[in-house]
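Encoded as structure tokens, the structure appears first; notes follow it.
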Amino acid sequence: MLDIAFIRERPEQVKEGLINRGDSPNIVDEVLTLDGHRRALLQQVEALRAERNRVSKEISRMRDKTEREERIAAMRLVGKRIGELETRLRQVESDLRQVMAFLPALPHESVPVGPDETHNVVVRQWGEPREFDFEPIPHWDLGPELDILDFERGVKLSGSRFYVLKKEGARLQRALISWMLDVHTREHGYTEIYPPFVVKKECMWTAGELPKFAENIYHDVEDDIWLVPTAEVPLTNLHRDEILSGDDLPLHYVAYTACFRREKMSAGRDVRGIKRGHQFDKVEMYRITTPETSYQALEEMVEEALDLCRRLGLPYRVLELCTGDLGFHSSKTYDIEVWAPGCGEWLEVSSLSNCESFQARRANIRYRPERGAKPRFVHTLNGSGLALPRIMIAVLETYQQADGSVIVPEVLRPWMGGIEVIGGDQAA
RNA sequence: GGAGGGAUGACCGAGUGGACGAUGGUGACGGUCUUGAAAACCGUUGUGGCUCUCAGGCCACCGAGGGUUCGAAUCCCUCUCCCUCCGCCA
């Protein structure tokens, strides 16, 4: 959600941001028109309410019965008028809220301007893709051959885009999750959170998922409860409607959740393998900061996510998303991609965003810089640290051997019960 | 699932139609006193909106949303959440 006062004062700047994103700027004029109506009505209503308040107090003190009756009759008319105006005001306010809800976050000035993902900029790169002396095979062949990944039974249970992990496959995922959580909590200073995996509709709206992305989220109609598409949703809502003390900031949270997405937008794409399932696991980093420190925090989060990739020995590149590829609620985003030699592509394993005050406004999360000072909106940041299926793909494909076995990266072995190789002689 | 009780400011808690944005207490902050601290005493201690050069003015907010009324924290309706007891259960 954008600041209505800001839109009022700098409409051209808002329009420019929308155009750079590839959105229509017309919505700004719509907002300004509704805002004008709203304020005009509000002034009328408030003037009448002030009159009613004043006269009602007088009535309570009146002795003269006739005069009293006269005033009550007069106020009855005023009340009726107020009621009419309030009805119109409510309508205008709800229209305005509705239109505002579709306004995306404005891109930060440092974000490269461009229409689509072809204009994203590679800002960092690390590691060399491994040289193979045999033809590396994709994980959708590797997994079933090792008997750690079962697509047919996943489909039998739940339909397309579902799969079953077994044996060391399941264990590898569990090891990765535990390891990531341990690194973030012990070394990067995060507080671990285990949130609900389903939330109320309100939480989806707050996080910016609704109303725009309703068709991508599963929900239960009977209880109107929604399955989280990312841990970012419950984490954003953790401090909803709170005024934090300046001393509390910055807050660093890390949470593991399963994530559920209907993937209606990408029907038919990436159907092979575990790259894009309806259900996937993710460890999510989340920070709440002051406005002054949020961009520094974003760089730190990127570094923390890259730290994991380096320890796993996975070559990566970092993309700075251009304005046209930016997510709805983000002002600046970096994507981290690792190389998967089997399927031969860069896989997005993390997306790190500074939402500035966009979510904070929707969620009404503020902080008091110091005692007695006025509350200000916080900045919120989120980033995967990391997304499991794609890291699994990269690990399996990168560390595969000619005999079809997979070497377990050294950093993970303590979480794998000491298993060094999946398949081969040590097969469980 | 059944029965009952509740939601008021940072916290506790009073308030059942008119001077209540809200008694009182706790905490916090400032001050007096003190060598210092404590105690005691005095004072301060909300959020948002509209208007506005400033000072200020006005409006709204007592879980949420409607309604009754000249006037609602207070009465009515709907919803949400919490608690207690019983039942069921990983």
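Labels below follow one simple rule: chain letters A, B, ... track the order of the sequence lines, proteins then strands, and each chain is numbered from 1.
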Check the pair A:Asn354 / A:Ser294 against side chain to side chain donor-acceptor pair (under 3.5 Å), numbers first and verdict last. CA-CA 7 Å; A:Asn354 185 355; A:Ser294 65; 2.9 Å; yes
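Between A:Phe197 and A:Tyr194, the two ring planes are tilted [angle within 30° to 60°]. Ring-plane geometry between A:His278 and A:Phe162 is classed as tilted, the angle between the planes lying from 30 to 60 degrees on a 0 to 90 degree scale. Between A:His219 and A:Trp226, the ring-plane angle classifies as parallel under the 30° and 60° cut-offs.
Rounded to whole angstrom, the span from the CG atom of A:Asp248 across to the P atom of B:A10 amounts to 15 Å. When the P atom of B:G17 is taken as reference, atom CD1 of A:Ile59 falls 18 Å away, rounded to whole Å. Taking atom CD1 of residue A:Ile72 and atom C1' of nucleotide B:G18, one finds them 11 Å apart after rounding to whole Å. Remark: P of B:G30 and CD of A:Glu370 are 13 Å apart, rounded to the nearest angstrom. Distance A:Lys57 NZ to B:G17 P: 19 Å, rounded to the nearest Å. Rounded to whole angstrom, the span from the CG atom of A:Asn364 across to the P atom of B:C61 amounts to 18 Å. If you measure from atom CG of A:Leu77 to atom P of B:U69, you get 13 Å, rounded to the nearest angstrom. Spacing between atom CD1 of A:Ile365 and atom P of B:U47 amounts to 18 Å, rounded to whole angstrom units.
To the nearest 0.5 Å, atoms OG (A:Ser384) and CD1 (A:Ile336) are separated by 8.0 Å. Distance CZ/A:Arg368 to CG/A:Leu244: 10.5 Å, rounded to 0.5 Å.
Using atom C1' as the reference point in both B:G15 and B:C20, the two lie 9 Å apart (nearest Å). With P as the reference atom, B:A14 and B:U23 are 15 Å apart, rounded to whole Å. Across the P atoms, B:U84 and B:G71 are found 41 Å apart, a figure rounded to whole Å. Across B:G5 and B:G9, the matching C1' atoms stand 23 Å from one another, rounded to whole Å. Between B:A10 and B:U44, the two C1' atoms lie 15 Å apart (nearest whole Å). Rounded to the nearest Å, the gap between the P atom of B:U78 and that of B:A28 is 44 Å. A distance of about 24 Å separates the C1' atoms of B:G13 and B:G18, rounded to the whole Å. With both ends at atom C1', the span from B:G57 to B:A7 equals 34 Å, rounded to whole Å.
In this structure, A:Arg21 does not pair ionically with A:Glu16, as no charged nitrogen and carboxylate oxygen lie closer than 4.0 Å. The pair A:Glu320-A:Lys332 meets the salt-bridge criterion, since a charged nitrogen lies less than 4.0 angstrom from a carboxylate oxygen. Electrostatic pairing of A:Lys15 and A:Asp29 counts as a salt bridge here, judged by a charged N lying under 4.0 Å from a carboxylate O.
Relative to the ring axis of A:Trp415, A:Arg174 does not place its NZ or CZ within 45° and under 6.0 Å from the centre.
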Protein heavy-atom contacts under 4.0 Å, written 5' to 3' over nucleotides 49-60 of chain B as B (base), S (sugar-phosphate only) or - (none), form the string BSS------BBS
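For A:Arg368, a side-chain nitrogen or oxygen approaches OP1 or OP2 of B:U47 to under 4.0 Å.
Both key distances under 3.5 Å define a Watson-Crick or G-U pair, and stretches of 3 or more such consecutive pairs in RNA chain B run B:1-7 with B:80-86, B:10-12 with B:24-26, B:27-32 with B:40-45, B:46-51 with B:56-61, B:63-67 with B:75-79.
Across all strands shown, A:Lys374 has heavy atoms under 4.0 Å from sugar-phosphate atoms exclusively, and none from any base.
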